[in-house]
Amino acid sequence: MGAKKIQFYPLDITYKVIEDKPQIYIFGRTTDSQQICVIDPNFEPYFYVLLRDERDIDDFCNKVIKIKVEQDKREAVVTKTEVAEKKVLGKNKKLVKVFVKIPPDVPVIREVIKEWEMIESINEYDIHFTRRYLIDKGIIPLTLVQAEGDFVTLKSRVPCFKANKIEQLSSDSITNPKILAFDIETYNPAGKRYAPEQHPIIMLAFYGENFKKVITWKRFSTNLDYIEFVEGEAQLIQKFKEILEKQKPDILAGYFSDGFDLPYIITRARKYDIELDIGLDHSTLSLKKGRIESIQITGIVHLDVFKFVSKIMARGLDTDSYSLDNVAAEVWGERKVEVDLDNLSIAWDNDFKQLEKFCEYNLKDSELTYKLCIKILPNIEEMVKIVGLPLFEINRMGFSQLDEWYIMRQTKFFNELAPNKPHYEEISERRKHTYQGAYVYEPKPGLYKDIVVFDFRSLYPTIISSHNIGPSTLNCRCCKDEAKYVPTEEKKYWFCKKTKGFLPSIVEDLISRRNRIKEMLKTKKDVVLNARSESLKVLANSFYGYLGFFGARWYCFECAESVTAYGRYYIHKVIDLAKKHGFDVLYSDTDSIFLILGSKKKEDALKLVETVNSELPGIMELDYEGFYPSGIFVSAKQGEYGAKKKYALLDEKGVVKITGFETVRRNWSFIAKEVQGEVLNIVLKERDLPKAVRYAKQVIFDLKNKKIPNEKVVIYTQLQKEIGDYTSVGPHVAVAQRLKNKGEDVGPGSMIKFIVAEGAGKIRDKAKLPEETKEGGYDADYYINHQIIPSVERIFDVLGYKKDDLVTADQSKLKEFFR
DNA sequence: GAGCATCGGGG
DNA sequence: GTGTACGATGCTC
């Protein structure tokens with residue numbers, strides 16, 4: 001045994017229990033590009049126990065080793081105990097490391113000892129076995145690992161190698177993992193809910209390097225060679241399996257495929273009793289009960305591109321919709337094939353010639369998904385290498401989780417014991433706890449020109465690092481006498497000056513690593529380094545949020561409160577300096593400051609940044625963010641609480657950037673969205689206020705005179721549950737009820753279209769189906785008062801125009817406001 | 001003003 | 001899963 005050595009890049013990891021022993025399975029590619037599964041049978045599950053009194057350790061070990069719990073014809077036992085030393089909130093403590101046979105024994109044994117009097121706490125009992133393995137072995141997915149052992153024969157789609165030794169070899173990364181993107185189209189008659197139980201998959205597209213394919217099962221004549229016809233849906237699903245088997249991708253990419261494509265395929269496959277045993281270990285895809293969160297394929301990394309885009313990249317994108325179409329358009333200006341999907345089902349039933357176009361559409365979606373995947377993969381990969389968890393998991397994590405698991409990995413190097421996750425009562429307790437947040441300098445609502453914007457580079461991380469903020473350094477005894485208090489209102493916190501804390505060390509390291517990379521990036525452009533820098537930034541910037549996140553293991557309310565206190569302190573410093581230099585401060589929020597240039601020049605603003613930076617301590621730095629020729633600041637809802645983050649800016653390229661306006665969602669009528677966008681455009685680009693007012697008034701006038709086509713006033717709302725289950729009946733529920741009475745199939749998921757029509761009573765009484773409503777039959781007053789006015793009210797409010805002024809036909813008022 | 005309902009992504 | 005929890009916002013009562 002142990003004769004052979006192989007080197008490989010891990011892609012996916014799982015474990016199996018075989019003969020009452022856990023075995024780690026690591027799937028990856030060898031250095032010569034062969035798929036492989038490396039099995040490590042030598043890792044044991046364990047957890048830690050901290051006793052109230054260290055003198056009880058022997059006693060505890062003697063007791064715990066005797067535990068036997070019968071369960072499912074097997075026995076959960078403690079196999080051994082070890083004494084370990086670790087830091088618990090900065091203090092060295094002796095702990096007992098309790099080993100069990102298989103991972104599911106951990107909760108069983110924990111249940112037995114939970115109430116023991118001598119126990120202070122039980123820790124690290126809820127760490128998934130594979131994650132535990134990666135951390136303890138120091139293995140980083142996607143980078144070079146060496147295993148010693150021998151090949152074994154097992155039921156598997158790839159060669160298996162049993163390792164008796166395994167180690168991280170270097171940080172060399174996998175190159176060109178094979179990516180296959182896919183997308184399905186389903187039969188979905190217009191307005192009907194998605195019903196995977198009823199409606200078939202009619203098209204399936206794949207896209208990869210040198211690979212394009214669309215499978216469909218109604219024949220039509222075509223010259224497109226990538227279209228392949230099969231006999232029916234069952235064969236289409238078989239093709240799905242076949243193609244995966246032949247192509248052997250490392251990564252299968254989809255867009256919202258956790259939530260749609262794969263669950264749909266699974267549901268349909270079940271109908272035909274097709275076993276979706278596509279896992280490299282022949283494991284079958286299945287749906288778990290309840291809310292589907294993710295779908296994992298053993299050995300093949302299923303990436304849901306949408307998840308990463310919407311969770312991690314979201315802030316870097318301007319689009320407020322993360323649809324494939326919008327995201328692709330923003331990332332590189334490419335759009336989907338334009339088709340009306342409502343016609344797909346019609347074409348499927350009647351007009352086969354039309355289907356070719358839908359195949360092109362289908363392929364294009366998978367192509368966009370593929371390209372998007374290529375685009376974001378460096379970012380996910382770098383995050384994988386920094387946090388140290390598998391691609392599949394990193395793909396689906398949010399900021400707090402990424403931070404938490406980054407910290408978890410660091411515990412090994414700092415020899416820290418991980419605190420437990422909070423339980424129900426603790427969470428609700430934490431949720432109640434609030435503290436003073438960031439400073440906001442309220443803007444005076446209005447239309448402005450020549451605005452310069454500055455912001456602090458990584459304000460909160462630099463504060464955490466330079467003030468040593470963390471749970472273990474909070475109000476330390478050693479600095480009590482000469483404490484330098486955090487500038488909170490009551491001076492109640494200080495942080496240790498003598499010993500660097502665990503968390504601040506981590507943040508400092510993140511920042512300095514990033515700075516080194518940024519230095520390198522100055523001399524050469526590099527996609528990977530850039531992605532690494534971005535990942536480090538994301539982790540560092542999320543730290544403050546993590547400290548105050550109710551679900552965090554390293555939650556520290558006092559720390560979060562201190563971070564914002566320092567933040568307010570520093571931003572005030574800048575504001576004071578700006579004023580001293582004669583600038584008018586327009587707006588400031590958290591770490592950014594908007595100044596009005598007035599008679600000054602851009603150069604003066606740049607000079608101010610320099611001056612500020614020369615006076616800031618350490619690594620803290622103010623950046624020049626940009627110049628905007630025009631901007632409108634809008635007051636928030638009537639309340640006194642000012643206009644928080646509600647503004648639209650016109651940048652130097654003529655692009656309007658909107659921040660904080662009520663997200664115009666699909667349950668707004670088209671006309672409301674249209675009016676809001678157009679009014680902002682006129683105001684910012686043309687600065688022609690009378691024109692904006694005229695335009696809005698015209699629309700209102702047109703509504704009154706029923707000149708707006710019905711299609712622009714349709715509101716779309718989705719039914720979420722059975723009609724009978726509603727306690728409060730909204731307009732769409734009332735409409736749905738009538739549809740049902742007519743014998744239509746409506747239920748959870750149905751998209752209800754309605755128009756608020758003329759008539760008496762509540763809105764729900766007036767809600768009518770579009771086809772029931774004659775052209776112009778809508779309730780103009782409703783649309784004016786509940787759709788148009790709310791969408792532009794605040795904008796006009798700023799310009800000194802009240803909503804009544806919009807509704808009255810009196811034009812004389814205009815002159816008053818716009819001379 | 002609380003609490004219930006919906007959106008999002010996908011066809 | 002060595003498992004608990006989406007987050008934000010609007011509408012109705």
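Predicted model, so just to flag it, every value in this text is computed and none were measured. Letters A, B, ... mirror the listed sequences (proteins, then strands); counts begin at 1.
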What's the [atom1]-[atom2] distance between [X] and [N], to the nearest Å?
| X | N | atom1 | atom2 | answer |
| --- | --- | --- | --- | --- |
| A:E404 | C:dA5 | CD | P | 12 Å |
| A:W348 | B:dG11 | CH2 | P | 15 Å |
| A:E293 | B:dG10 | CD | P | 19 Å |
| A:I295 | B:dG10 | CD1 | P | 16 Å |
| A:R553 | C:dT2 | CZ | C1' | 11 Å |
| A:R131 | C:dG1 | CZ | P | 13 Å |
| A:M397 | C:dA5 | CE | P | 13 Å |
| A:I265 | B:dG10 | CD1 | C1' | 12 Å |

For [X], report the nucleic acid contact type (base, sugar-phosphate, nothing); a contact means any heavy atom under 4.0 Å.
| X | answer |
| --- | --- |
| A:S321 | sugar-phosphate |
| A:D304 | nothing |
| A:I202 | nothing |
| A:Y46 | base |
| A:Y187 | nothing |
| A:I102 | nothing |
| A:Y48 | nothing |
| A:D365 | sugar-phosphate |
| A:P422 | nothing |
| A:Y322 | sugar-phosphate |

Quick check on [N]: is either OP1 or OP2 less than 4.0 Å from any side-chain nitrogen or oxygen of [X]?
| X | N | value |
| --- | --- | --- |
| A:S257 | B:dG10 | no |
| A:H786 | C:dC11 | no |
| A:Y125 | C:dG3 | no |
| A:K421 | C:dT4 | yes |
| A:R764 | C:dC13 | yes |

Which nucleotide, [options], lies nearest any side-chain atom of [X]?
| X | options | result |
| --- | --- | --- |
| A:F260 | B:dG11, C:dC6, C:dT2 | B:dG11 |
| A:D126 | B:dG9, C:dT4, B:dG10 | C:dT4 |
| A:F550 | C:dG7, B:dG11, C:dC6 | C:dG7 |
| A:Y15 | C:dA5, C:dT2, B:dG10 | C:dT2 |
| A:N188 | C:dT4, B:dG11, C:dT2 | B:dG11 |
| A:T186 | B:dG11, C:dC6, C:dT2 | B:dG11 |
| A:Y424 | C:dA5, C:dG7, B:dG10 | C:dA5 |
| A:H423 | C:dT4, C:dT2, B:dG11 | C:dT4 |
| A:P731 | B:dG10, C:dG1, C:dT12 | C:dT12 |

When you compare B:dG11 with C:dA5, how far apart are their C1' atoms, in angstrom units rounded to a whole number?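 The answer is 30 Å between these two C1' atoms.
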
Does the side chain of [X] pick up a donor-acceptor pair with the side chain of [Y] at under 3.5 Å?
| X | Y | result |
| --- | --- | --- |
| A:N188 | A:T186 | no |
| A:D183 | A:N362 | yes |
| A:D40 | A:Y15 | no |
| A:N326 | A:S321 | yes |

Kindly confirm or rule out a cation-pi arrangement of A:R396 over A:F392, judged by NZ or CZ under 6.0 Å from the six-membered ring centre and within 45° of its axis? yes

Out of A:K218, A:K271, A:R268, which one pairs with A:E233 under the salt bridge (charged side-chain N to carboxylate O under 4.0 Å, His left out) rule?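 It is A:R268, the one option of A:K218, A:K271, A:R268 that forms the salt bridge (charged side-chain N to carboxylate O under 4.0 Å, His left out) with A:E233.
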
Quickly, which of A:E82, A:R132, A:K80 forms a side-chain hydrogen bond (donor to acceptor under 3.5 Å, both in side chains) with A:Y46? Name it, please. A:R132

Using the rule given for side chain to side chain donor-acceptor pair (under 3.5 Å), can you reason through A:T298 versus A:T14, listing the C-alpha separation, both sets of side-chain angles and the distance that settles it, and then say yes or no? CA-CA 7 Å; A:T298 307; A:T14 186; 5.4 Å; no

Anything under 30° is parallel, anything over 60° is perpendicular, the rest tilted; go ahead and classify A:F549 against A:Y546.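 It falls in the tilted class, 30° to 60°.
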
Looking at the base of B:dG11, is there any donor atom on it, or on the side chain of A:D342, that sits under 3.5 Å from an acceptor on the other one? yes

Run A:Y264 and A:F260 through ring-ring contact (aromatic ring centres under 6.0 Å, His included) and show every step you take. CA-CA 6 Å; A:Y264 212 108; A:F260 182 73; 5.3 Å; yes

Note: contacts of residues 104-115 of chain A with DNA chain C (heavy atom, under 4.0 Å) are A:V106, A:P107

